[in-house]
Participant: 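Quick one: the structure is below, and I'll ask about it shortly.
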2 protein chains.
Amino acid sequence: MLPTLRQLEYVVAVAETGQFVEAARRCAVSQPALSRQVREVEELPGVRLFARARPRVLLTPVGAEVVGRASGLLAQARELVEVAAASAGARQGTVRLGVIPTIAPYGLPGLLAKLRGLFPEVGFAIHELQTHVLLDHLRAGTVDLGLLARPFDDHGLQGRDLVVEPFVLVAPATHPLGVPEAIRAADVAGASLLLMDDGHCLRDQAIDVCAVAGAPPATLVSAASVSTLVRMVESGLGPTLLPASALAAELRPGQGLVARSFLDAQPGRTLTLQWRTTSPYGAWFEGIGTVLGEHYLDLDAAMPEVAGPRPRIRMLEP
Amino acid sequence: MLPTLRQLEYVVAVAETGQFVEAARRCAVSQPALSRQVREVEELPGVRLFARARPRVLLTPVGAEVVGRASGLLAQARELVEVAAASAGARQGTVRLGVIPTIAPYGLPGLLAKLRGLFPEVGFAIHELQTHVLLDHLRAGTVDLGLLARPFDDHGLQGRDLVVEPFVLVAPATHPLGVPEAIRAADVAGASLLLMDDGHCLRDQAIDVCAVAGAPPATLVSAASVSTLVRMVESGLGPTLLPASALAAELRPGQGLVARSFLDAQPGRTLTLQWRTTSPYGAWFEGIGTVLGEHYLDLDAAMPEVAGPRPRIRMLEP
DNA sequence: GGTGTCGATACCTTGGAGGTATGGGCGATG
DNA sequence: CATCGCCCATACCTCCAAGGTATCGACACC
């Protein structure tokens, strides 16, 4: 179906030397062997490539066309092995992975172990950055790969949406919203939720959930990390929304906290892995996305019990 | 030294399916056979292309790079055989060959026979055109290949200089220059040579020969073809310069003509084969140039006796 | 814990690529 | 004009490497 690269080498050699014997010498094979391979290349499409014009052979028009393409192919093939050999053995570079702070503490630890196992020759550097900073670094090329939550401005980037993780309401047991009763998104409208500091996308997402029902939450205090946020809830300052992947790490028994999932269309956020459209490692990053997606299945399985329907971290198909 | 195209197919199939078994099915080989070939591609440069991550295999960074290049190679290879197969059997197009009038009657007949023998599947259309018209057609693409004499403006063209053919003085036996005596270029300076019509490069070349010695020839009559020119010389109107390749056809015994070569640095003209730099058939045209050069060796051998040193049509190396 | 799937390994088989010997055609040479 | 020599094609043989079958080990899912 396809000619061999070696056969193409023979054809090019004949074209360049104008002789079968000389070409055979150059290719370090016997002349009959070369003749036979050349003939096969001619027979495959049923075309004469060479005009046997003593005392030399000349190219036919198709021959010229084929030889031109063939030498291009050979050059690219040689480049391929060269590029591959260049990155043999040695460290195959370091990938700078940017992660937003509301994902990093929960998504990363297990993931990095998996990645190191799969790609031992690659280094991974982690940068914890807020969404807009992460996007700047991604576009500037100081970060290669970004793990963040939608929505964001994705021009110049491409990637793969991994999972939708639902939000879970976390409230002090003493809080009105803490009473064990079914809740809906509308129930948190106007509630005085504790929020992340300005600049964290989780803050905007929480506000969004409330805004859906009309009223943005009025709040006075804010936290710089999810962990702090939970401590504040623990202190009875008010309820908050947590992404499901944070529950296992942040909820401990005997904290006086109630976690409750939503009954209706569960609010949630989409986590996505992004890279520059121009990145040469797109195909590889796709694979990392797959690993990440599976990693979130593990996180889903490790999720603690909450009141209401069990929140599901839902995989998205590529 | 180089991977097989088939091996690259296997690698690409594994990358696309993410499975060895599925890839083997797609390639219509057994799974162990495919595994082995993939391993060889990995061993050649000493690189891991795939991370065996159950339940699928993932690309490594080098793997992604290699697979990208490999699929490009495969696409080009398929295109190569497709292009070749498309021009199989059927007529492989027609080459429009432009020739200047002072070459055509002498250079062409034998050449066409040779070309038809070498390239039976190609048609040759001949266009007899003066240099400047020929150049216009060449650049416009209405002529593919031009056979002409230097000098000319060759921008946008490339080609191969074939031969230098000397000029020979042809004079009536009764003419002063017809006396059997050694002549030099200086002897024709100021001579009243018969010339071709304006527009024929042979006219300019003859004038050049005279101008070298200082004085352009003063002449009153001119001819539209070399044949007419010789008839005029025969009528005693004066001498002229002929290119050596025309002698065999134009000089017959008993015409009362004397042909005489030059003693010193023989004046002559360089014949060249030209085509557009953008032509995809450059490599083929080179071959046609070779055939043409050899054809001129035949013409040289067929040259009749002339007074003075035997004029030599001299081959130029490519 | 049984079962199924996937990739790796071991061993055998065979087709095709390569080598040697030889033939035919053309050009060069004396 | 006969001979030689060069170049490409053909014929036949050899052998390696690509492919197939059988099997194993690992992991996932019942």
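Remember, it's a predicted structure, so these values are computed and weren't measured experimentally. Order of the sequence lines fixes the chain letters, A, B, ..., with proteins taken first and strands second; residue numbering starts at 1 for each chain.
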Participant: From CZ of Arg39(A) over to C1' of dA17(C), roughly how many Å is that when rounded to an integer?
Facilitator: 13 Å

Participant: Among Thr272(B), Leu271(B), Leu299(B), which one satisfies side-chain contact (heavy atoms from CB on, under 4.5 Å) with Val163(B)?
Facilitator: Leu271(B)

Participant: How would you summarise protein contacts on nucleotides 24-30 of chain C per nucleotide, using B for base, S for sugar-phosphate only and - for none, with heavy-atom distances below 4.0 Å?
Facilitator: BBS----

Participant: Remember a base hit wins even if backbone is also touched, and classify Arg6(B) as base, sugar-phosphate or nothing at under 4.0 Å, heavy atoms.
Facilitator: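 Sugar-phosphate, backbone atoms only, no base.
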
Participant: Pick from Glu42(A), Glu9(A), Gln7(A): which one makes a side-chain hydrogen bond (donor to acceptor under 3.5 Å, both in side chains) with Gln37(A)?
Facilitator: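 Testing each of Glu42(A), Glu9(A), Gln7(A) against Gln37(A), the sole residue satisfying side-chain hydrogen bond (donor to acceptor under 3.5 Å, both in side chains) is Gln7(A).
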
Participant: Roughly how many Å is it from CD in Gln7(A) to P in dA17(C), rounded to a whole number?
Facilitator: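 Taking CD of Gln7(A) and P of dA17(C), I get 6 Å after rounding.
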
Participant: Examine the side chains of Thr290(A) and Glu294(A) and answer whether a donor and an acceptor come within less than 3.5 Å of each other.
Facilitator: no

Participant: Does Arg52(B) place a side-chain N or O at less than 4.0 Å from the phosphate oxygens OP1/OP2 of dA8(C)?
Facilitator: yes

Participant: Near Glu43(A) CD, under 6.0 Å, is it more than 12 heavy atoms from other residues, nucleotides or ligands?
Facilitator: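 Count over threshold, so yes.
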
Participant: Between Glu82(A) and Arg78(A), is there a side-chain N and carboxylate O pair less than 4.0 Å apart?
Facilitator: no

Participant: So which one's nearest nucleotide on DNA chain C is more toward 5', Glu40(A) or Arg36(B)?
Facilitator: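 Of the two residues, Arg36(B) wins.
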
Participant: Could you check whether the rings of Phe124(B) and Phe119(B) sit parallel, tilted or perpendicular, using 30° and 60° as the cut-offs?
Facilitator: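 Rings of Phe124(B) and Phe119(B): tilted, as their planes differ by 30° to 60°.
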
Participant: Can you give the first and last nucleotides of DNA chain D, 5' to 3', that have an atom under 4.0 Å from a heavy atom of chain A?
Facilitator: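 Result: dC7(D) to dT10(D).
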
Participant: Mind listing the residues from residues 15-33 of chain A sitting with a heavy atom below 4.0 Å of DNA chain D? Number order is fine.
Facilitator: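 Gln19(A), Phe20(A), Val21(A), Gln31(A), Pro32(A) - these, ordered by number, are the residues of the stretch whose heavy atoms sit under 4.0 Å from the strand.
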
Participant: Looking at Arg69(B) and Leu80(A), would you say the former's side chain and the latter's main chain have a donor-acceptor pair under 3.5 Å?
Facilitator: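 Pair absent, no side-chain N/O of Arg69(B) close to backbone of Leu80(A).
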
Participant: Using modelled atom types and a 3.5 Å cut-off, is there a donor and acceptor pairing between side-chain atoms of Ser261(B) and backbone atoms of Val168(B)?
Facilitator: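 Between the backbone of Val168(B) and the side chain of Ser261(B) there is no qualifying donor-acceptor contact (under 3.5 Å).
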
Participant: Checking side-chain hydrogen bond (donor to acceptor under 3.5 Å, both in side chains) against Glu22(B), which of Gln19(B), Arg25(B), Arg26(B) comes through?
Facilitator: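 Single pass found, and it is Arg25(B).
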
Participant: Test your reading of the model: is there a side-chain donor-acceptor pair from Ser279(A) to the backbone of Trp275(A), 3.5 Å cut-off?
Facilitator: no

Participant: Report the distance from atom CG of Leu49(B) to atom P of dG7(C), rounded to the nearest whole Å.
Facilitator: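 Going from Leu49(B) (CG) to dG7(C) (P), I get 15 Å.
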
Participant: Expressed in angstrom and rounded to an integer, what is the separation of Glu43(B) atom CD from dA8(C) atom C1'?
Facilitator: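 Going from Glu43(B) (CD) to dA8(C) (C1'), I get 13 Å.
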
Participant: Please work out if Phe50(B) contacts a base, only the sugar-phosphate, or nothing of the nucleic acid, heavy-atom cut-off 4.0 Å.
Facilitator: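 Touches nothing.
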
Participant: Heavy atoms only: give me the nearest Leu242(B)-Glu250(B) pair and the separation to one decimal.
Facilitator: CD1-CB, 4.4 Å

